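Scroll down for the structure; my scribbles are underneath it.
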Protein chains: 2
Amino acid sequence: MYERKTLPNLNCGLDLVGEVLYGKWKMRLLWFIKEGHQRPSELQRQIPDATRRVLNIQLKELEEHELVTKKIYPVVPPKVEYSLTEFGKTLIPVISALGNWGDENEDRLRSVILNRLKSEV
Amino acid sequence: MYERKTLPNLNCGLDLVGEVLYGKWKMRLLWFIKEGHQRPSELQRQIPDATRRVLNIQLKELEEHELVTKKIYPVVPPKVEYSLTEFGKTLIPVISALGNWGDENEDRLRSVILNRLKSEV
DNA sequence: TGCAATAGGGAAAATATTATCCCTATATGA
DNA sequence: TCATATAGGGATAATATTTTCCCTATTGCA
């Protein structure tokens, strides 16, 4: 496993949130789990741009940060279900707020993002 | 300058927000600018854990994404001031929501984060 | 004269994150 | 018998981000 070489900053609320939400797919994972897509294969289908591998890794981190719980059913083929913890649920409104802001400003955001990319080349 | 090799996902609101806010210090920069710390040297003092260099880079991205404007005063020694754009101001409540969630859950977050780090070693 | 403050950038190294590829296992259905 | 679905991990490559180090310039102050 990758081992950190520097300690994270944990000075303020933003640092702390960053520590648990910073990860390309984490907010989407929480969101889709909330929406009822609880099995890894379903989550993968909802987020096809991510690889199975990275979803596993980020799910594990979410679990270690107590935002989700993982239930393993002892059946074959294997069945696993993730759920939000009570703690995790309290994050949903915040993720909503972010997503809504993005949706409300979709056109403008798309435009400034693409402009920046073009000027980069 | 670093040149991206893969295009970002811009499918949903969360993707779009991520594109403009994903950067270790960006939310903090927006926050402190809002608080009235507008000169680069002040921002650096508010965020001592970041290097001057990375703050410059991220400020430039925020500017290109039209969340802040940069005003250069033609004086010596140089004077520069950043301000939130109207667009940038609309992000403040969202950043607040994140920061507040972090503050409200400070103890628990600190605990789960540190636990995870310990088990990593 | 020499140092601090101001603002900022290039190049390269260090660190971190994500993707790719290949492996294990078992039951079901074609 | 062979492919598919299920879940997941190791090793390594690729990509991205952040840090480090060193450079430019000018004014004022000790």
Side-chain angles (χ1 to χ4, degrees), chain A residues 1-9 15 18-29 33 37-64 68-82 113 116-117 120, chain B residues 1-9 15 18-29 33 37-64 68 70-82 113 116-117 120-121:
Chain A
M1 196 202 268
Y2 175 77
E3 199 172 308
R4 274 184 120 105
K5 295 189 180 144
T6 57
L7 285 178
N9 301 93
D15 283 331
E19 225 16 64
V20 302
L21 283 189
Y22 217 70
K24 196 163 172 182
W25 312 102
K26 285 189 178 178
M27 290 202 283
R28 251 164 286 17
L29 284 170
I33 291 171
H37 303 286
Q38 305 181 299
R39 301 185 62 179
S41 50
E42 290 179 77
L43 290 168
Q44 163 84 80
R45 272 191 288 272
Q46 295 296 320
I47 314 177
D49 290 319
T51 60
R52 225 177 358 165
R53 187 86 175 89
V54 79
L55 292 185
N56 286 340
I57 291 170
Q58 303 207 345
L59 281 166
K60 186 163 188 184
E61 286 176 11
L62 291 172
E63 194 192 357
E64 289 171 333
V68 303
T69 50
K70 176 180 186 175
K71 182 164 181 185
I72 301 175
Y73 294 85
V75 294
V76 166
K79 175 172 176 181
V80 165
E81 271 180 6
Y82 288 94
I113 291 166
R116 185 166 176 280
L117 290 183
E120 204 174 73
Chain B
M1 198 204 268
Y2 175 76
E3 197 172 310
R4 274 184 119 105
K5 295 190 180 145
T6 58
L7 285 178
N9 301 91
D15 284 331
E19 225 17 62
V20 302
L21 283 190
Y22 217 72
K24 196 163 172 182
W25 312 102
K26 285 189 178 179
M27 291 201 283
R28 255 171 270 26
L29 283 170
I33 290 172
H37 304 285
Q38 305 181 300
R39 300 185 63 179
S41 50
E42 289 178 77
L43 291 167
Q44 163 85 78
R45 271 191 289 272
Q46 295 297 320
I47 315 177
D49 290 317
T51 59
R52 221 177 1 163
R53 187 84 176 90
V54 80
L55 292 185
N56 286 340
I57 291 169
Q58 303 207 345
L59 282 166
K60 186 164 187 184
E61 286 176 12
L62 291 173
E63 194 193 357
E64 289 171 333
V68 304
K70 176 179 185 176
K71 182 163 181 186
I72 302 176
Y73 293 85
V75 295
V76 167
K79 177 173 176 180
V80 165
E81 271 181 6
Y82 288 93
I113 291 166
R116 186 168 174 279
L117 290 183
E120 204 174 72
V121 184

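Just so it is clear: chains get the letters A, B, ... in the order the sequence lines come, proteins before strands, and each one is counted from 1. In this text, all values refer to a predicted model and were calculated from it rather than measured experimentally.
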Handout entry: Closest heavy-atom pair and its distance - B:Lys70, B:Glu63
Key = CB-OE2, 3.6 Å
Handout entry: A:Glu81 backbone acceptor or donor facing A:Gln38 side chain under 3.5 Å
Key = no
Practice task
Work out which heavy atom in A:Tyr82 is nearest to a heavy atom in A:Val68; give both atom names and the distance.
Solution key: CD2-CG2, 4.0 Å
Exercise for the section: May I ask you to say what A:Gln44 touches in the nucleic acid, namely base, sugar-phosphate or nothing, with a heavy-atom cut-off under 4.0 Å? Expected result: nothing
Please list, for nucleotides 4-9 of chain C, all pairs of protein and nucleotide N/O atoms separated by less than 3.5 Å.
unit_1	atom_1	unit_2	atom_2	d
C:dT6	O3'	B:Arg39	NH2	3.1
C:dT6	O3'	B:Pro78	O	3.3
C:dA7	OP1	B:Arg39	NE	3.2
C:dA7	OP1	B:Arg39	NH2	3.4
C:dA7	OP2	B:Ser41	N	3.1
C:dA7	OP2	B:Ser41	OG	2.8
C:dG8	OP1	B:Lys70	NZ	2.7
C:dG8	O6	B:Arg52	NH1	3.2

Exercise for the section: Would you mind classifying the nucleic acid contact of A:Tyr73 as base, sugar-phosphate or nothing, using non-hydrogen atoms under 4.0 angstrom? Expected result: nothing
Exercise for the section: Would you classify B:Gln58 as touching base, sugar-phosphate or nothing, given that sugar-phosphate means primed atoms plus P, OP1 and OP2, and contacts are heavy atoms under 4.0 Å? Expected result: sugar-phosphate
Problem - Under-4.0 Å salt bridge between B:Arg116 and A:Glu64 - result: yes
Completion exercise
Heavy-atom nearest pair, B:Gly23 first then B:Gln58, reads C-OE1, 3.7 Å
Handout entry: Residue from A:Arg45, A:Gln44, A:Lys79 passing side chain to side chain contact (heavy atoms under 4.5 Å, CB included) with A:Arg39
Key = A:Lys79
Exercise for the section: Compare side-chain N and O positions of B:Thr6 against OP1 and OP2 of C:dA19 and report whether any pair is under 4.0 Å apart. Expected result: no
Handout entry: Whether A:Tyr22 side chain and B:Lys24 backbone form a donor-acceptor pair below 3.5 Å
Key = yes
Fill in the blank from the handout: A:Leu7 CG to D:dT19 P, in whole Å, measures 14 Å
Fill in the blank from the handout: Taken to the nearest whole Å, CZ/A:Arg4 to C1'/D:dT19 is 15 Å
Practice task
For the helix from C:dT1-D:dA30 to C:dA30-D:dT1, measure the angle between the helix axis at one end and the axis at the other, each built from five pairs, rounding to 10°.
Solution key: 20°
Problem - Any B:Tyr22 side-chain nitrogen or oxygen under 4.0 Å from OP1 or OP2 of C:dT18 - result: yes
Handout entry: Whole angstrom value for the distance that separates P of D:dA13 from NZ of B:Lys5
Key = 15 Å
Practice task
Mind listing the closest non-hydrogen atom pair of B:Leu62 and B:Val20 along with its distance?
Solution key: CD2-O, 4.1 Å
